[in-house]
Asks: 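Below is one structure. I have some questions about it.
Just so we're on the same page: letters track the sequence lines, and every chain starts at 1. Note that the structure is a prediction, hence the values are computed from the model and not measured.
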Protein chains: 2
Amino acid sequence: MSTSAMPSSAMPSDASAIYRRYLSAVLLHGHAGARAVGLGATDLYALNILDLTGPMTPGELGERTGLTTGPTTRLVDRLEKAGYVRRAADPHDRRKVIVEPLDRPAGLDGALDPARRRIGEILGGYTPEQLSVLFDYFTRAAEAYREAAEEL
Amino acid sequence: MSTSAMPSSAMPSDASAIYRRYLSAVLLHGHAGARAVGLGATDLYALNILDLTGPMTPGELGERTGLTTGPTTRLVDRLEKAGYVRRAADPHDRRKVIVEPLDRPAGLDGALDPARRRIGEILGGYTPEQLSVLFDYFTRAAEAYREAAEEL
DNA sequence: CCTAATCTCTTCCTAAAGGAAGAGAACTCA
DNA sequence: TGAGTTCTCTTCCTTTAGGAAGAGATTAGG
């Protein structure tokens with residue numbers, strides 16, 4: 001209870017608990033959404049990587065997911081078949097393949113819609129000044145989490 | 001591209017992209033953290049459920065995770081062995097078991113520490129007014145995600 | 001009390017994901 | 001141009017998670 005890394009001066013006294021509940025809810029929802037459309041854990045992981053980093057080769061994707069080449073090929077197969085990515089040719093090296101994330105098609109997007117609607121309503125209740133604070137946080141936090149994930 | 005549910009009036013023009021990157025980063029980090037301490041996807045899912053809802057019987061946990069009784073028993077076995085939960089007796093019904101989440105022991109907590117440090121630094125840069133906006137959002141969004149997850 | 005229902009756990013089986021090893025194509029560089 | 005390297009993909013094997021069925025214990029209700 002006393003080990004919080006957050007400075008307590010300007011935070012709610014239960015800041016740590018609130019934030020933790022918030023994170024749990026986000027993760028829970030992400031997992032439930034993926035499961036709802038038949039997406040495996042690794043598949044979702046890979047999609048998030050592609051979303052954050054952009055197109056990359058199967059080799060790099062395998063490196064980032066920690067998979068060897070065999071499972072990586074099949075991972076891309078699954079994602080491509082489900083319509084989440086496409087394989088494109090590398091114009092400079094014909095051995096390589098470029099895995100490009102596609103705009104989320106029906107499946108996952110539909111599953112995440114109820115949450116998006118709710119969050120949209122919540123955000124709609126803030127003033128422009130408050131919104132700029134929130135989006136400033138979203139931007140910084142995204143970078144922080146991306147870096148922290150890379151560290152692992 | 002034009003189907004965003006967010007009112008565009010007071011948001012950054014790329015609000016949807018920012019928010020999506022943010023969510024991807026959170027999920028990515030959660031997954032990477034779990035993987036780093038050898039926690040399976042379902043195990044993490046169950047931990048988040050217990051975190052949000054509190055102690056419950058294996059039956060209820062199985063219901064929420066979508067598992068049948070066999071895998072549920074082994075799920076609790078794994079979590080208990082890793083020190084994340086304990087099995088307690090139900091005082092009113094000796095057939096039942098109550099699965100209680102424990103304070104995160106060394107493993108997962110350590111893996112999530114770098115992120116907590118970074119987020120702590122970011123939050124430390126805001127004024128008290130800005131922080132109250134952020135924590136207001138965290139509280140509301142947690143509830144929204146919890147509801148949306150339940151819907152799935 | 002005695003039967004039926006409920007709850008967890010055990011056992012066995014199936015399915016899916018990941019590792020290992022190697023093949024085939026293409027690039028690099030001497 | 002030829003040898004070595006670097007890609008992706010294929011094949012086979014192992015591991016792990018999840019489903020099915022049923023046992024054992026306990027509670028509830030007639």
Side-chain angles (χ1 to χ4, degrees), chain A residues 28 31-32 34-50 53-82 84-101 107 152, chain B residues 27-28 31-32 34-50 53-82 84-101 152:
Chain A
L28 186 71
H31 197 114
R35 173 170 295 212
V37 298
L39 214 53
T42 304
D43 301 36
L44 177 64
Y45 189 53
L47 277 182
N48 284 325
I49 291 174
L50 288 167
T53 310
M56 66 185 66
T57 66
E60 187 177 354
L61 185 59
E63 218 173 295
R64 291 183 187 254
T65 53
L67 295 175
T68 55
T69 68
T72 299
T73 295
R74 285 184 308 239
L75 164 68
V76 177
D77 286 347
R78 286 194 301 271
L79 294 180
E80 189 174 38
K81 188 173 178 185
Y84 294 115
V85 306
R86 66 182 284 261
R87 273 186 243 244
D90 184 323
H92 302 310
D93 188 338
R94 287 188 307 185
R95 291 168 305 178
K96 291 187 180 177
V97 166
I98 298 180
V99 181
E100 300 178 338
L152 303 167
Chain B
L27 290 175
L28 185 70
H31 197 116
R35 172 169 296 212
V37 298
L39 213 53
T42 304
D43 301 35
L44 177 64
Y45 188 52
L47 276 182
N48 284 324
I49 291 174
L50 287 167
T53 310
M56 66 185 69
T57 64
E60 188 177 354
L61 185 60
E63 219 173 295
R64 290 184 186 253
T65 53
L67 295 175
T68 55
T69 68
T72 299
T73 294
R74 287 185 307 241
L75 164 68
V76 176
D77 286 347
R78 286 195 301 270
L79 294 180
E80 189 174 39
K81 189 173 179 185
Y84 294 115
V85 305
R86 66 182 284 262
R87 273 185 243 244
D90 184 323
H92 301 311
D93 188 338
R94 289 189 304 187
R95 291 168 306 178
K96 291 187 180 176
V97 167
I98 297 180
V99 182
E100 298 177 339
L152 301 168

Asks: Kindly determine whether B/Thr53 and B/Arg64 satisfy side-chain contact (heavy atoms from CB on, under 4.5 Å), including the steps that lead there.
Replies: CA-CA 11 Å; B/Thr53 310; B/Arg64 290 184 186 253; 3.7 Å; yes
Asks: Any chance you could measure B/Ile49, atom CD1, to B/Glu63, atom CD, to the nearest 0.5 Å?
Replies: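 B/Ile49 CD1 to B/Glu63 CD: 11.0 Å, rounded to 0.5 Å.
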Asks: Expressed as a whole number of angstroms, how long is the span from A/Arg74:CZ to C/dA15:P?
Replies: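 Distance, rounded to whole Å: 17 Å.
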Asks: Send over the distance from B/Leu79 CG to D/dA17 C1', rounded to a whole Å.
Replies: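 The answer, rounded to whole Å, is 14 Å.
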Asks: Please report the distance, rounded to the nearest Å, between CZ in B/Arg94 and P in C/dC9.
Replies: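 Going from B/Arg94 (CZ) to C/dC9 (P), I get 16 Å.
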Asks: Which residue lies toward the 5' end of DNA chain C, A/Asp93 or A/Pro71, if each is placed at its nearest nucleotide?
Replies: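 The residue closer to the strand's 5' end, by nearest nucleotide, is A/Pro71.
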Asks: Rounded off to whole Å, could you give me the CG-to-C1' distance for the A/Leu67 and C/dA16 pair?
Replies: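 Checked: the CG to C1' distance equals 14 Å.
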Asks: Output the rounded distance in Å from CG (B/Leu61) to C1' (C/dC9).
Replies: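 It works out to 15 Å between those atoms.
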Asks: To the nearest 0.5 Å, what is the distance between OH on A/Tyr84 and CG on A/Leu39?
Replies: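 A/Tyr84 OH to A/Leu39 CG: 5.5 Å, rounded to 0.5 Å.
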Asks: Under 3.5 Å, side chain of A/Arg35 to main-chain N/O of B/Thr65, donor-acceptor pair present?
Replies: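 Checking the backbone N and O of B/Thr65 against the side chain of A/Arg35, a donor-acceptor pair under 3.5 Å is found.
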Asks: Could you check which residues of residues 35-49 of chain A get a heavy atom under 4.0 Å from DNA chain D? Sort them by number, please.
Replies: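 Per residue number, the list is empty: none.
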Asks: Do A/Arg95 and D/dT6 share a donor-acceptor pair, side chain to base, under 3.5 Å?
Replies: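 Per atom types, the contact qualifies.
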Asks: In whole Å, I'd like the distance from the CZ atom of A/Arg87 to the P atom of D/dC7.
Replies: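 In whole Å, D/dC7 P and A/Arg87 CZ are 17 Å from each other.
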Asks: Could you give me the CA-CA distance, side-chain angles and deciding distance for A/Glu80 and A/Arg86, then say whether salt bridge (Lys or Arg N to Asp or Glu O under 4.0 Å) is met?
Replies: CA-CA 5 Å; A/Glu80 189 174 38; A/Arg86 66 182 284 261; over 6 Å; no
Asks: Expressed in angstrom and rounded to an integer, what is the separation of B/Met56 atom CE from C/dC7 atom P?
Replies: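 Going from B/Met56 (CE) to C/dC7 (P), I get 15 Å.
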Asks: NA contact type, A/Thr72, heavy-atom cut-off 4.0 Å: base, sugar-phosphate, or nothing?
Replies: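 Nothing, no nucleic acid heavy atom in range.
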Asks: Figure out the CZ/C1' separation between A/Arg78 and C/dA17, and round it to whole Å.
Replies: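 So the two atoms are 7 Å apart, to the nearest Å.
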Asks: Give A/Gly59 one of three labels, base, sugar-phosphate or nothing, depending on what nucleic acid heavy atoms sit under 4.0 Å from its own.
Replies: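 Sugar-phosphate, no base atom in range.
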Asks: B/Leu75 and B/Asp43: side-chain contact (heavy atoms from CB on, under 4.5 Å), yes or no, with the steps?
Replies: CA-CA 7 Å; B/Leu75 164 68; B/Asp43 301 35; 3.8 Å; yes
Asks: Check whether any side-chain N or O of A/Thr69 sits under 4.0 Å from OP1 or OP2 of D/dC7, and answer yes or no.
Replies: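 It does not, given that no N or O in the side chain of A/Thr69 lies less than 4.0 Å from OP1 or OP2 of D/dC7.
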Asks: Can you tell me how far the CG atom of A/Leu67 sits from the OH atom of A/Tyr45, to the nearest 0.5 Å?
Replies: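 It comes to 9.5 Å.
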